[in-house]
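In what follows, a single structure is set out as structure tokens and then discussed.
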Amino acid sequence: EDRVRDLRVRRSCLQRQRHLQPLPRPSSGRPSVLRHCRLRCSWRQGAAWEGGGGGGWRRSASVAESVRAIVPGVAAVCAVSVSSWGQVDRDSCWSEFAQGFAASDEARRLVSGCEVVLGVDWSALDVVRCVRKQQSPPPPFVYLNFRVYHTNPGIDDATRAWYADRERATCLEADSVVALCRRDLRRLEALYKDDEEPADRDNKEQPRGFVLNPPLRTDIQALAAKRHQESDGSKSSTTSKRKYLLCCCRWSPEKNVHLFVDAVCALADELQRANVPVFMCGSHAMAEYADGLLAKLRSRFPSVNFGGSGDDDDDDEHKASDDAADVVVRTFLNAEQLADVFEASMLNVHPPTYDAYGMTIHEAAAFGTPSLLHSQGIGAADRLTSGEDVLLGDMSSVDALVASLRRYVLSKEACSSSDGVLRRIGDKARETSMSFGEHENGLELLEIVKKTQS
């Protein structure tokens, strides 16, 4: 309880600074795959400060303490301070991070003699090169790609070319390339296969390609198992309390949340007649974009309950107002509250036309909530297969999404039948989601590392 109170104080202070940073979650006690690893972390200055009684501020914890809280037993941690990291993109402090690493005697000493280097995305390339230059022969490099940046929607040609060059260089530096889904791996392979500039590879063979889907978080997995056990193992997707049409996604243009808002606004009268409230949760990174969506919702629905967080002291008041609202919007939910929302939702709509994976699809499935997603370009479809674990639709058209919602949410056949589509998909999705957690993901990663070293 003391730890929870401490985390809430820290979160409250961060919210006052308008910086929402992820906080360490307690370890499950399972032996960690990262045990004996040495971690390099970028640490935005001022990201973990607490307010003093006299209005002063003090550093609440070092990055080493924060990492060790997440991964007990990690061998060593080296923190490289940068001025302001922000969103990881072309304009972030990736170059400053590399320069700080190169200038740190402690950092260079820490990584000397390492057996393998794992680097996340193109932003790690300069640091990886610095590490590999210290040893002869250089340690193998496993490139962990969490997003294919050069395929981001809405970027100009010059930015797209810049990302493609960086990602190509990272692939050519790597001994293995690991993507979150098959489509992303194909896109990365297109950058370097049949390369006409063998000098970039220093006569090395082309990197080996692997796909490693993200795992269901341990805390979500344990919570889903507990909830299922408490319900006596009954099929969670058939419970009568499921009422919401859910969209659990960050509010930003690339997540295509405006398509979902346009669709529910077009169906406002039908949703209200069917007594189907809308629940939206996700961070609001762009104020102007979010304000526009809220304005549109308020123009079509009589009651929109907007709250910055479901973790406030007036939680009971939030719940009471949620029950009376046509649309509920939350920018933050903790794991317990997110579980409550999933268990109260009949369908989760994931509107992006491209997503490297889509973890909320995986998490919703753990609680028996089926998801509707675009027919292509969503990484989670690698594991949650069409027709069995997820529903596929067309997220490039408002009319197409409206038709899908009428079919799966508003039709009597979909909702009233004990053998309905949503029930069948939700039950199967839960089994698939719960079968791939952090332990299973870690074992697959270890196998990739071993193959890279061989």
Subject >> Phe101 side chain reached by Val111 side chain, heavy atoms, under 4.5 Å >> reply: yes
**OP:** Only counting residues at least two apart or in another chain, list the ones meeting side chain to side chain contact (heavy atoms under 4.5 Å, CB included) with Ala224.
**Re:** Ala366, Phe367, Met434
**OP:** Side-chain contact test, heavy atoms from C-beta onward, threshold under 4.5 Å: evaluate it for Leu180 versus Phe146 and give yes or no.
**Re:** yes
Subject >> 4.5 Å side-chain heavy-atom contact, Asp340 and Arg227 >> reply: yes
**OP:** Tell me, please, which residues at least two apart from Thr385 pass side chain to side chain contact (heavy atoms under 4.5 Å, CB included).
**Re:** Glu388, Asp389
**OP:** Side-chain contact test, heavy atoms from C-beta onward, threshold under 4.5 Å: evaluate it for Cys281 versus Leu246 and give yes or no.
**Re:** yes
Original post:
Can you find a heavy atom in the side chain of Val328 that is under 4.5 Å from one in the side chain of Pro277?
Top reply: no
Original post:
Who pairs with Ala268 by side chain to side chain contact (heavy atoms under 4.5 Å, CB included), at least two apart in sequence or on another chain?
Top reply: Gln272, Arg300, Phe301
**OP:** Locate the shortest heavy-atom distance separating Ala429 from Leu384; write the atom from each residue and the value.
**Re:** O-CD2, 4.1 Å
**OP:** Could you list all the salt bridge (charged side-chain N to carboxylate O under 4.0 Å, His left out) pairs where at least one residue sits in residues 353-363, not counting sequence neighbours?
**Re:** Arg217-Glu363, Lys255-Asp355
Original post:
So Ser252 and Glu254, side-chain hydrogen bond (donor to acceptor under 3.5 Å, both in side chains) or not? Walk me through it.
Top reply: CA-CA 6 Å; Ser252 59; Glu254 69 269 17; 3.2 Å; yes
Original post:
Looking at CG of Asn348 and SG of Cys248, how far apart are the two atoms once the value is rounded to the nearest 0.5 Å?
Top reply: 6.5 Å
Original post:
Does the side chain of Glu440 reach to within under 4.5 Å of the side chain of Leu443, using non-hydrogen atoms?
Top reply: no
**OP:** Taking side chain to side chain contact (heavy atoms under 4.5 Å, CB included) as the test, write out the residues that go with Asn152, two or more places apart.
**Re:** Arg147, Tyr149, Ile155
Original post:
So do the side chains of Leu245 and Leu405 get within less than 4.5 Å of each other, counting heavy atoms only?
Top reply: yes
Original post:
Within a strict 4.5 Å, meaning less than it, do heavy atoms of the Leu144 and Leu445 side chains meet?
Top reply: yes
Original post:
Using the ring of each side chain (for Trp, its six-membered ring), is His362 parallel, tilted or perpendicular to Tyr357, with breaks at 30° and 60°?
Top reply: tilted
Could you pull out every donor-acceptor pair under 3.5 Å between side chains of residues 287-296 and any protein atom, sequence neighbours left out?
residue: Tyr289; atom: OH; partner: His258; partner atom: N; Å: 3.1
residue: Tyr289; atom: OH; partner: His258; partner atom: ND1; Å: 2.6
residue: Lys296; atom: NZ; partner: Asp262; partner atom: OD1; Å: 2.8

Subject >> Basic-acidic side-chain contact under 4.0 Å: Arg166, Asp126 >> reply: yes
